[in-house]
There are 2 protein chains.
Amino acid sequence: MRIGQLARLVDVDTQTIRFYEQQGLLPPPDRQENGYRVYTDKHAERLAFIRRCRILNLSLAEIHKLQSYQDDPHQPCSAVNALLDDHIYHVRSQITALQSLEKQLVSLRGSCNDGREVEACGILAGISERSTKAP
Amino acid sequence: MRIGQLARLVDVDTQTIRFYEQQGLLPPPDRQENGYRVYTDKHAERLAFIRRCRILNLSLAEIHKLQSYQDDPHQPCSAVNALLDDHIYHVRSQITALQSLEKQLVSLRGSCNDGREVEACGILAGISERSTKAP
DNA sequence: GTTGACCTTATAGTAACTATATGGTTTTTA
DNA sequence: TAAAAACCATATAGTTACTATAAGGTCAAC
Ligand SMILES: [Zn+2]
Ligand SMILES: [Zn+2]
Ligand SMILES: [Zn+2]
Ligand SMILES: [Zn+2]
């Protein structure tokens, strides 16, 4: 199949497919005489795997590692499990950081209401406030 | 004060200060005869404002808008309030997206334990599973 | 007079695409 | 059959908010 068909099948942009090839995530396919790429079902599977990883927010580097594990199927899978643990840790860190951010923002938002002039805006005042308090 | 002093004062890299100037967030300071930038306390305040906005995860574009509001202090501040509402909305969206992601990842992690071979890794199997189920 | 700290500009790299420009090929349609 | 539409190719630049590097000018101290 050609790149457009593959793109529709897996629901990825053709540019992205070429990009993955360039990044070494998708093996370079054979070419027709005119230079067009020709993909196999293996390629489609691999591409779908990449996409599912991306939906899980795994980075291309992490996906690359997973692929290298897959290429050596008799290793213990502890590295895969550890990679996922790390990734979960990162996601959780992001969540807690964003939650603390949300608190700050909501509190800031509470310091103003409509009908004021910019000069008296509680939000701008809140941001401008120095956190260093002189004695 | 020169750029290095300002950088230490506000705890920002000198490169970042020049970058903000280039992006139009920090007004171009006067120069000494030798070309060195000379900053005033106004600059320091403005830079600190930018940094506090960045800590709140506001984008440079959002900061730019806030600055433009500040430059016209007799407008109603509703635009400021709306900007913050939007930002809070974005942060909340990110949080819920990450929480749903975390759930998926934790469930995936539960499908494997150590001591398996890559071939039998529940995580890789879970990612490889096609979501389309034939009847 | 040279070391070191400081300053200058310009350029490239980061992540993961996305968009654009330019041109060749194939298929459809008038 | 010829033109239009759809498809393919490569190369390059843009996105965000910096960070790093290169190559060089300026200034104080030793
Ligand atoms: Zn990760
Ligand atoms: Zn307000
Ligand atoms: Zn925002
Ligand atoms: Zn496993």
Side-chain angles (χ1 to χ4, degrees), chain A residues 1-26 28-39 43 46-67 83 86-87 90-91 93-94 97-98 101, chain B residues 1-26 28-39 43 46-67 86-87 90-91 94 97-98 101:
Chain A
M1 100 192 70
R2 293 193 314 199
I3 197 166
Q5 293 171 267
L6 177 60
R8 277 187 295 275
L9 184 66
V10 186
D11 195 28
V12 183
D13 195 297
T14 55
Q15 302 265 66
T16 303
I17 296 175
R18 294 191 197 101
F19 172 72
Y20 289 155
E21 179 184 336
Q22 191 203 313
Q23 299 296 303
L25 288 172
L26 202 58
D30 288 345
R31 302 282 186 130
Q32 288 176 191
E33 296 140 19
N34 56 15
Y36 288 14
R37 291 170 173 82
V38 188
Y39 292 97
H43 285 100
R46 190 117 180 196
L47 182 56
F49 180 84
I50 295 170
R51 283 275 101 188
R52 285 190 288 263
C53 287
R54 292 292 302 131
I55 287 166
L56 296 173
N57 234 3
L58 292 162
S59 70
L60 299 193
E62 287 168 325
I63 297 170
H64 205 84
K65 279 189 198 168
L66 287 182
Q67 291 185 340
L83 191 153
D86 277 5
H87 190 62
H90 285 142
V91 170
S93 307
Q94 282 183 271
L98 285 172
L101 184 59
Chain B
M1 94 193 74
R2 294 192 314 197
I3 197 167
Q5 292 171 267
L6 177 60
R8 276 188 294 277
L9 183 66
V10 186
D11 194 29
V12 182
D13 195 295
T14 56
Q15 303 265 69
T16 304
I17 296 175
R18 293 193 196 98
F19 173 72
Y20 288 155
E21 179 183 336
Q22 190 202 315
Q23 298 297 302
L25 287 172
L26 202 58
D30 288 344
R31 302 283 186 129
Q32 291 174 189
E33 296 140 20
N34 56 16
Y36 289 13
R37 288 171 176 81
V38 187
Y39 292 97
H43 285 101
R46 191 117 179 195
L47 182 57
F49 180 85
I50 295 170
R51 285 274 101 188
R52 283 190 289 263
C53 287
R54 292 293 302 130
I55 287 166
L56 296 173
N57 235 4
L58 292 163
S59 71
L60 299 192
E62 287 168 325
I63 297 170
H64 206 85
K65 278 189 200 169
L66 287 183
Q67 290 185 340
D86 278 5
H87 190 62
H90 285 142
V91 170
Q94 281 183 272
L98 285 172
L101 184 59

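Chain naming here is simple, since letters A, B, ... match the order of the sequence lines and numbering starts at 1 in each. Since this is a predicted model, take the numbers as computed values, not measurements.
Summarising the geometry, the separation between CD on Gln15(B) and C1' on dA22(D) is reported as 11 Å, rounded to the nearest angstrom. Look at CD on Glu62(A): it is 12 Å from P on dA15(C), rounded to the nearest Å. Here dA9(D) presents its C1' atom at 14 Å from CD of Gln22(A), a figure rounded to the nearest Å. Taking atom CG on Leu58(B) and atom C1' on dA17(D), their separation rounds to 14 Å, with Å as the unit. Put simply, CD on Gln5(A) is 12 Å from C1' on dC8(D), counting in whole angstrom units. The nearest whole Å value for the distance from the OH atom in Tyr20(B) to the P atom in dT16(D) is 14 Å. Taking atom CE of residue Met1(A) and atom C1' of nucleotide dC8(D), one finds them 16 Å apart after rounding to whole Å. Nucleotide dC17(C) holds its C1' atom 14 Å from the CG atom of Leu47(A), rounded to whole Å.
Looking at heavy atoms from C-beta onward, Leu60(B) lies in side-chain contact with Arg54(B) at the 4.5 angstrom threshold. Between Tyr39(B) and Arg46(B), the closest side-chain pair of non-hydrogen atoms is not below 4.5 Å.
Applying the 3.5 Å distance criterion, the base of dT26(C) shares no donor-acceptor pair with the side chain of Gln32(A). Residue-to-nucleotide contacts include no donor-acceptor pair under 3.5 Å from the side chain of Gln23(A) to the base of dA16(C).
Between Asn34(A) and dT26(C) there is a side-chain polar atom (N or O) within less than 4.0 angstrom of OP1 or OP2. Between Arg2(A) and the phosphate of dC8(D), there is a side-chain N or O to OP1/OP2 separation shorter than 4.0 Å. Applying the 4.0 Å criterion to OP1 and OP2 of dC7(C), one finds that Arg37(B) has every side-chain N and O outside that range. The shortest distance between the side-chain N/O atoms of Arg51(B) and the OP1/OP2 oxygens of dC18(D) is below 4.0 Å. Taking side-chain N and O atoms only, Thr16(A) has a distance below 4.0 Å to OP1 or OP2 of dT18(C).
Between the side chain of His87(A) and the main chain of Leu56(A), a donor-acceptor pair closer than 3.5 Å is present.
Defined by atom type and a distance below 3.5 Å, a donor-acceptor pair is missing between the side-chain atoms of Gln15(B) and Asp13(B).
Between Tyr36(A) and Arg54(B), the residue anchored closer to the 5' end of DNA chain D is Tyr36(A), taking for each the nucleotide with the nearest heavy atom.
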